[in-house]
Amino acid sequence: MEEKLGLSHKVMLSNREKGNLTGILDVISFDENTIVLDTDMGLLTIRGKDLHVSRLTLEKGEIDIEGRTDSLIYSAGDGGRKSGRSFFSRLFQ
């Protein structure tokens, strides 16, 4: 797994409605029910309802999310990433 120097993983969640995460390496996929992130601590799957990415700064490894968060699940491996490329790199081909 690639790590950015000086990047530390942090998850801050307020009232299950607004979240700020750091240590983000890539966004694998997202929709209104699920966000899958590659972090420096492994893959993180966020499940909920009406989820939105309100700010994304991959250069700094930061993301802000909004919506009702029901669960945060960490896992190792490629998380089903078929092409080895991020959601955004596939989207903007």
L37/D26 under side-chain contact (heavy atoms from CB on, under 4.5 Å): CA gap, chis, key distance, verdict: CA-CA 6 Å; L37 304 170; D26 211 349; over 6 Å; no
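- Atom CG of N20 sits about 4.5 Å away from atom CG of D64, to the nearest 0.5 Å.
- Between K49 and N33, the closest heavy-atom pair is CA-OD1, 4.1 Å.
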Verdict with reasoning, I63 to V53, per side-chain contact (heavy atoms from CB on, under 4.5 Å): CA-CA 7 Å; I63 190 169; V53 174; 3.8 Å; yes
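- How far NE2 of H52 is from CG of D31: 11.0 Å, rounded to the nearest 0.5 Å.
- One finds the CG atom of D38 at 5.0 Å from the CD1 atom of I28 (value rounded to the nearest 0.5 Å).
- At a cut-off of 3.5 Å, with distance as the only test, no side-chain donor of T45 or R47 sits close to an acceptor on the other residue.
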Trace of the side-chain contact (heavy atoms from CB on, under 4.5 Å) decision for T39 with T22: CA-CA 8 Å; T39 77; T22 63; over 6 Å; no
Residue pair R68, L51: steps toward the side-chain contact (heavy atoms from CB on, under 4.5 Å) verdict: CA-CA 7 Å; R68 190 187 78 213; L51 296 174; over 6 Å; no
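- Shown here for H9 and Y74, the closest heavy-atom pair between the two residues is NE2-OH, 2.6 Å.
- Separating the OG atom in S14 from the CD atom in E66 is a distance of 11.0 Å, to the nearest 0.5 Å.
- Two residues are said to be in side-chain contact when any heavy atoms from C-beta on lie closer than 4.5 Å; V36 and L44 fail this criterion.
- Side-chain contact check for R55 versus I65: every heavy-atom pair is 4.5 Å or farther apart.
- Between atom CG of residue D40 and atom CD1 of residue I24 there is a gap of 8.0 Å, rounded to the nearest 0.5 Å.
- Note that the NZ atom of K18 and the OG1 atom of T69 stand 12.0 Å from one another [nearest 0.5 Å].
- Other residues, nucleotides and ligands contribute only 12 or fewer heavy atoms inside 6.0 Å of the CG atom of N15.
- I73 and L25 fall into different hydrophobic clusters, where Ile, Leu, Val, Met, Phe, Trp and Tyr residues are linked whenever their side-chain heavy atoms come under 4.5 Å apart, directly or through other members.
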